Structures are given as structure tokens and as C-alpha cells.
2 protein chains.
Amino acid sequence: MISFINCENCADIKMTIFDVLSAKEKELLYKNHSCATYRKGEIIYKEGEKPIGLISLSEGKAKIFKEGVGGRDQIIRMASSVSFIGYRALFSGDNYTSSAVALEDCMVCIIDKESLFTVLESNSKLAVNIIRFMARELGISNSRTVTLTQKHIRGRLAESLLFLLETYGTEEDNITIKVYLSREDVANLSNMTTSNAIRTLSAFASENVISISGRKIKILYLKKLQKISELG
Amino acid sequence: MISFINCENCADIKMTIFDVLSAKEKELLYKNHSCATYRKGEIIYKEGEKPIGLISLSEGKAKIFKEGVGGRDQIIRMASSVSFIGYRALFSGDNYTSSAVALEDCMVCIIDKESLFTVLESNSKLAVNIIRFMARELGISNSRTVTLTQKHIRGRLAESLLFLLETYGTEEDNITIKVYLSREDVANLSNMTTSNAIRTLSAFASENVISISGRKIKILYLKKLQKISELG
DNA sequence: ACTTTTGTATGTTTTATAACATAAGTGCAC
DNA sequence: GTGCACTTATGTTATAAAACATACAAAAGT
């Protein structure tokens, strides 16, 4: 847990990745961090901009997406608190190659780039943690490349729903996915048009695999959804 | 340059990523490395296997691919000497999530996992280099996810040809792509069926954008190919 | 309360691409 | 050299998904 204990906004940041830091190192990061809030729909960072630090999403949910060929967005990641966003460009030294938009009111904590790299160079354990973290992300990305290209619409949508379930969990009823997405976002996550996302969600609902009420989606028949996802 | 100067096989390994190592550290890696050769078509590693070390492709070319839903492969990376392969699983602690096959006779150099991690924990500069390297790979992977899903066949094939050109360069004539791939490999790289790869290559040839003689592909009109790739 | 905008839903048409079929060419084994 | 398997080539058909069209519902602004 990073010791941002003096910062009321970041007090709850639990980043096991920082477990390996000394008190002094944590202090340096703490001294050089800042907080910001974003309202639902606001841009946290944008494709082409230069990263100024490591952004940790302390509260709220965000979508990370790239603009595609015909202006069609592809969501490449759904972020939930607490996790890092925008770290790829920061580490590679590029400008952002994707954008982040708040899906609900968000609180972020930005650790200054210079300080982070100072700590990174002094503490190889942190660096190894980050390598491990990024290796997992790369695995997810490669996997998505295959499923998004090879699975059919139903398979892709089923996978997305499972993915949302895993990422955001459920409400108290244990079946309602705890995220509030437009059909367009669902489509952009699943590589399909909005029409087809609506259509296929309806199909799943009429098959009693899920139930829809507005943007709230309940998973009624998990096994079947998993099967649809696997079969592609 | 990693000081594998005593190893006749690895003498030519120039990995700037290891520049930051001390003589002692290089020595440790050297002592704990081994070499292997693979003939064209042989499997270097396979999806599901456990990584035993960091593999550096010292000579030859290889394709890295994942098996998709209907047994259809998706090539996620084309590797050329000198570069690392199979590092993702090594760093994440997983088993391999992709396979590597030699496209021509290959020589690899395997640095023992334990030794690598020892050096990695003692030298944060190496770790930072690896973080930077992986961040770039993640960017490429995300980018490919979007282009492979959103571009049309012609755009995807054009992009693949440009990608091969960039990765492997040309023969002495400056226009023949320096790699010898089956149409099936081209298809698996571009997310299309073999038929469509053949068809679209023929189309490009009849438009004088490329010329084909067997598996040798010449880029006749680079600008046009780039345009086809951009338009999608 | 009323219009305007935005999102959702669903039917119809069109199109890109896969699937299938077949033939010709190429390289390899014997 | 001859036969066999594999690759390349190309035409035809089938189909999944996009594009388009329209209607309705919900939210937002006036």
C-alpha cells in the first residue's frame, strides 16, 4: 500500500505493486503527486497528448479506447479503481496512443514522471513488479486481438459481458453487472456496430441468457454465456 | 552488447538492452546461457509450455502465433534476428500463450531464468529498459487489435506487406521483401483466409502495386500501398 | 409542458468475406 | 522421371455483419 496516508483523496489507494518501496521512496512519490477529479463523460487523457505522470484511478470507472479507421472507436481496456491508466505511453516515452474517458465521476492520482523514474531506477523490485504487470497486459491484448478478429458477433458480445462481469463484478443481487454502459460502448468494446450490439443483447435476453432493463444487465445463465463465448 | 564473446554462436548478439550491465553481470548471464538450433518449420516453443529462460533469436526468422477459435492461427508477431521471443510468458510467470516456429533455419540463445531475474533485481537500469521495450510491444499489439478488426481485406494485406518490409527489409534490389512466406502465413498475419490472401495479392499485382514471383514479393509502388493501408 | 436531442429498437438491403469447389502449378519422395 | 502431396490460383455460392431506414422511448433543454 502506497503511503499516501496524508492525502485524504488517495488514502485508500492500495497498490500492491508499491509494496516493495521503502518509506523514503513512498515519501518521494507522495510529495510529488497530485489529485484531480473528472465528471462522467470527461476526457482524462487524449490520444496524442504527452503523459505527465503515472495516473492511478483511485475512484470511478473509465474506458480506454483508440480511434479506428472510420472514426469508429475500439475500447481496448475497461479500467476500474484502483488501477493504473495511461502507463504504456509513459513508459515507452511516446505520446498517448489511446484516450481515457470517465464512465462515472472519477478521482485520479497522478505521480510525477521524474519522481517515479527516480524511484524506479533505485528500486529494481518495483521495476520487476511493473514488468510482470505489463507482461500480463500484453497477454490480454494479444488474446483480444485473436478473439475480436476470429469470434462471431455472439461470441464477441458474450466474451465482453463476461469480461465486464469479471472487471466490475456485480451488485448485491450477484447477477447484475456493476457498470452502466451505453449500447455504443458495449459495441465499441465488442468490435461491432451499435445496431448489432442492441440486436444481439436482445437475442440473449429472449434466450433468457441475460435480462436487460435499460443499461442494467443481469447474467441469468452464466454457463450458457461462457459456452457462447467459447464457441465463438 | 552482451559479452557472449566466448560463445561462437552468440558472438554476434548485439542487444543494446544489455548495455547497462556490468562485466560481472554479463558474465553471470553468459555462464548460464545455452544455444540451440532449429530447422525451418520446427517449433521453438509451444502454447502451454513453461518458459525456461529468455530466448534471443540470434539468427534466422520466426513467426509467433496463437491458435484461434476454429484452429485458425493468428500470427501476432514476426521475429527477426536479433530480438527476444517468448519473454512475455517468462515475465508474467505464465506458460506460453503463443507458439514460435522457425521460418528458416534458426539459432537461439537461451538465458537461464533464475540468472536473468537475479541480474534484473540487481540492476534496475536493465529492468527499466525491459519496461520500455514491453511498453512499445503493448502499443503495437493494441494498434494491431484495431487495424485487424477495422480495416478491410485490402487495407489489412497492405499493412501486413508494409509491416514485413519494415521488419525484414529488402534484398539488394531494394524492393523485394526479404522473407519467404507461404500464402497461408500471409493470411494468418493479415487475419484472412488463404484464398483471400492469394486473391488480394493477385489484385495488387494486377494493379502494379506489387509483383509476385512465387513467394518473392516486390514492392513496386510503395506510396500506393501505404495509401491502401491507411484508407483501410 | 413542449420541443429537441440522444439513445434504443427493429426491419430491410447491401456488401464484404468466408466457405466451397475445382484446376493448375510446384516441389518432394521414391 | 513419375506419382503424390501440397500450394497456388480462380470461379461460384452462401452468409455474417454492416449500412441504411425508420420508429419509438427517454432525457435534456427551453
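This is a predicted model, so every value here is computed, not measured. Residue numbers start from 1 in every chain, and the chains themselves are labelled A, B, ... in the order their sequence lines are given, proteins ahead of strands.
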Picking from [options], which would you name as closest to the side chain of [X]?
X      : options                : answer
B:R199 : D:dT12, C:dT10, D:dA18 : D:dT12
B:I198 : D:dT10, D:dA18, C:dA18 : D:dT10
B:I153 : C:dA18, C:dA9, D:dA18  : C:dA18

Is any side-chain N of the basic residue among B:K66 and B:D73 closer than 4.0 Å to the acidic one's carboxylate O?
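B:D73 and B:K66: not salt-bridged.
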Give a yes or no on whether a salt bridge exists between A:D94 and A:K50, defined as a side-chain N under 4.0 angstrom from a carboxylate O.
no
Using whole Å, report how far [atom1] of [X] lies from [atom2] of [N].
X      : N      : atom1 : atom2 : result
A:Y180 : C:dT8  : OH    : P     : 8 Å
A:L181 : C:dT8  : CG    : C1'   : 15 Å
B:K151 : C:dA16 : NZ    : P     : 17 Å
A:M192 : D:dA18 : CE    : P     : 7 Å
B:I217 : D:dA9  : CD1   : C1'   : 15 Å
B:Q150 : D:dA17 : CD    : C1'   : 14 Å
B:L231 : C:dA16 : CG    : C1'   : 17 Å

With nearest nucleotide decided by heavy atoms, which residue, B:T193 or A:N196, maps closer to the 5′ end of DNA chain C?
A:N196
Tell me whether the side-chain N/O atoms of B:R156 come closer than 4.0 Å to OP1 or OP2 in C:dT17.
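Result: yes.
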Give one of base, sugar-phosphate or nothing for A:S195, where a contact means two heavy atoms less than 4.0 Å apart.
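It contacts base atoms.
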Would you mind classifying the nucleic acid contact of B:R215 as base, sugar-phosphate or nothing, using non-hydrogen atoms under 4.0 angstrom?
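Sugar-phosphate only.
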What orientation do A:F18 and A:F84 show, parallel under 30°, tilted 30 to 60°, or perpendicular over 60°?
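A:F18 and A:F84: perpendicular rings.
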So is A:R144 actually on top of A:F163's ring, under 6.0 Å and inside 45° of the axis?
yes
